[in-house]
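Every chain is numbered from 1 and lettered A, B, ... according to where its sequence line falls, protein lines coming before strand lines. All values below come from the heavy atoms of this structure, side chains included, with hydrogens, waters and symmetry mates left out.
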Amino acid sequence: MTDILQIENIRKTFPGVVALDNVSFSVAPGEIHTLLGENGAGKSTLMNVLTGLYHPDRGEINISGKQVHFTSPRDSLKCGIGMVHQHFMLVPAHSVFENILLALDDVPNFFNRSAYKEKIEKLIAEFDLELDLNLPVWKLSIGAQQWIELIKLLLRDCQLLILDEPTAVLTPQETERLFAVLQRLKGQGKSIIFISHKMREVMEISDRVTILKKGCSIATLARGDFDESKLAALMIGTDKVPQWQKSLQMSDELVLDIQNLSVQNDRGLADLDDFSLELKKGEILGIAGVAGNGQKALAEVLTGLKKTNQGKIMAGAEDITNSNARYSYIAGIAHIPEDRKTIGIAPDMDVADNLIMKSFKNRLFTSGIFQNKKAIRQNADDKIEQFAIKTGPDGTPVRYLSGGNIQKVIIARELSEHPTVLVALYPTRGLDIGSAEYVHKVIADGADRGMSTILIAEDLDELLKLSDRIAVMFRGKLIGYVDPRNTTREKIGLMMSGETPGDMS
Amino acid sequence: MLEILLDATVRAGTPILFATLGAIINERAGIINLGIEGLMLIGALAGFAGTSLSGSLLVGVLAAFGAAFLAGSIHALITVQLRGNQIVSGLALTMFGVGITALFGKGMVGLTIVGFKRVAIPGLSQLPIIGNAFFNQDLLIYFSFILVFLIWYFLYRTRWGLGLRSVGENPAAADTCGFSVSTYRFLAVTIGSGFVGIGGAYLSLASTPMWIENMTAGRGWIAVALVIFAGWSSPRAMLGAYLFGGITAMQLRFQAMGTTVSAHILQMLPYFFTLLVLVISTIRLKKGAGQQPEGLGLPYDREDRK
């Protein structure tokens, strides 16, 4: 049988950065093919080439044996390729119905609303989903939004589905459900390109795995030929993974004591609802929860980006809820934001300038009223080497870096000031194993020095490995604490969907 | 008294209504158009010239639409194709409109035409109070009623309308669903500009059938503010336009009655209310009441890594 998709020698460059160097791989009908690679390896770029968003500089794309040239996403859709993007392509202000309708290309200009509603509802029922077609999308959970994206593709009858890190926003239970749907689609003869960083999932679902490294496809392995360690070795190559041991040494001294905090968002809904949390000195406190259950609001309140409606935040004996004291206190809080591209960096400035954004007044980087360009450059060179940041030539705007490298710039900057408290949202999201390990080590080292960390992460393995305690959030409330040394993933998963623990403390 | 005031309200509100509707179409696609004032002037002059030269009002209206369409395509070229700054381009368009109409309008000053005449709709125009104001008017006003409905229907009931709104909200989403962002945006800017031009033509073909330099006197700016007041919806634009028409009509009435308040202060009223409306609607917006298209003012570049 001919491959549904065959890609040969694709190359794509951006100003100053080679995103894809030489990529070839193929997908057979009815296959789940995983793309694995560290960040910056070019997975997302490759998918954007496949969906017609980017034009490759050279290379061939063959669909069912026929060579194609995509000039827009429209061409790609016509060939039956559909994608669930990592950042959903939905219109938040529109209803679920309108979002799905937007994706259907056979709708006449003057269409019969009820007939299309019926058609969509039938498909939703077929997959046992619960979606209210009339609700605006912004009111839905991230998980539900992902189902909309999937339904869009199914209604278009796409033969090749691309899912870019779909499980990043799901609970373990929701992931199981997604996998069941994917297996069913595979049974119908559809092909799936699956992108994930989570080895457990890659092992579970892949028929074949292609590994991308530095913009090149370096190997394709069939099921049975790969195991976790082999994939990891291929992915990170000979890069050394730092060895470290977390020491357990949290004291009982409270650094932060959050009491009955409520925070409303712009739309008047409660992001945090009667939320309480205690952070001890030198502790790494993991926060588990499906994305969108108030983690972001928690981080924003702690870092001074958001006001509180009710409740108190105590730092030791000091009330820092909304007073000026909070702002001087906040100066000692480092923040790794969720949305690295909008609030983590100044996208049009270069790496060197982004690295000194917190410390540009430091005498080290000034000479009189001028900047000390030499020291700034030196600082940048040190950090680039220390964190293995892959950047273009000097002066390349940070926005041209890959997501993982941007994250490294942020982490390098935030930790350089030796903060007392670190609030980290998804700090390793999109990082390759080597860099993720490095970030873990930096956080653990910080704890040794007495830095307290609130670690908000989506990967339970990461939380279990790093945290001294794990607090589980659901709909803006604290469901409970668990001890990572004697709990199970299933237990946390249940708490993440709102079930209060009976006998846990 | 009330009947006369209502009638004057509708007549004073109609040019602003056309301009607001045109601006709404622009902004629904995500393009801010600050060239409304200039486009209205271009429409007013082109409409007057068309009618004056041909003797036909229809030719005048079409000329107004066409001229504003062409002028709008400059804005579209800069903001959509070249992804330039929408604010600067719009301001330039206004200055261009003021300048070019002053230049080419010189020969038109002092000419007269036969403007739009009232056409009573049998039955409806006999209704008490509102009958005369709404159903004993000229054809352009009836057209504006229809246009309000058509734009609403287009935006919320057709696939093109859905595409247009999506392009304004999240161009990347529309793009990945196979909609051409640049086509939608280009046509929204040019066609929207055309309707703005008809608003200008209403001034020179119906309100006062003559050409006077700078005859829009800031109505285009009121329309820009009204778009926000209207929450980007055409029925609410009608409400807003008539509100301003009402204030204009009232201040004229006061002047005619010979109040002791200075005419300058009275003439200031509509613009003062513009400020007030902007403050109120901005507060409402902050509370999440209106829905500003999320992609408003942002150029879309498919390959841009944001």
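Closest of all the heavy-atom pairs between A/R113 and B/Y156 is NH1-O, 3.5 Å.
By number of non-hydrogen pairs under 4.5 angstrom with chain B, the leading residue of A/H87, A/K78, A/H55 is A/H55. Taking chain B as the reference chain and counting heavy-atom pairs below 4.5 Å, the highest number among A/P108, A/P73, A/S76 is found for A/P73. Per-residue counts of heavy-atom pairs under 4.5 Å with chain B were compared for A/L102, A/T51, A/L90; the largest is that of A/L102.
Taken to the nearest 0.5 Å, the CZ atom of B/R159 stands 8.5 Å off from the OH atom of A/Y116. Distance check: A/F111 CZ to B/R157 CZ gives 7.5 Å after rounding to the nearest 0.5 Å.
With hydrogens and angles ignored, the 3.5 Å screen pairs no side-chain donor or acceptor of B/N170 with any backbone N or O of A/V91.
Heavy atoms of other residues, nucleotides or ligands lying less than 6.0 angstrom from CZ of A/R74 number 12 at most.
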* Evaluation steps, side-chain contact (heavy atoms from CB on, under 4.5 Å), between A/S72 and B/R302 -> CA-CA 9 Å; A/S72 76; B/R302 192 183 276 162; 3.5 Å; yes
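Scanning residues 173-180 of chain B against chain A with a 4.5 Å heavy-atom cutoff picks out B/A173, B/A174, B/D175, B/T176, B/C177, B/G178, B/F179, ordered by number.
Applying side-chain contact (heavy atoms from CB on, under 4.5 Å) to B/L162 and the options A/L101, A/N99, A/V107, A/N109 leaves one that passes, A/L101.
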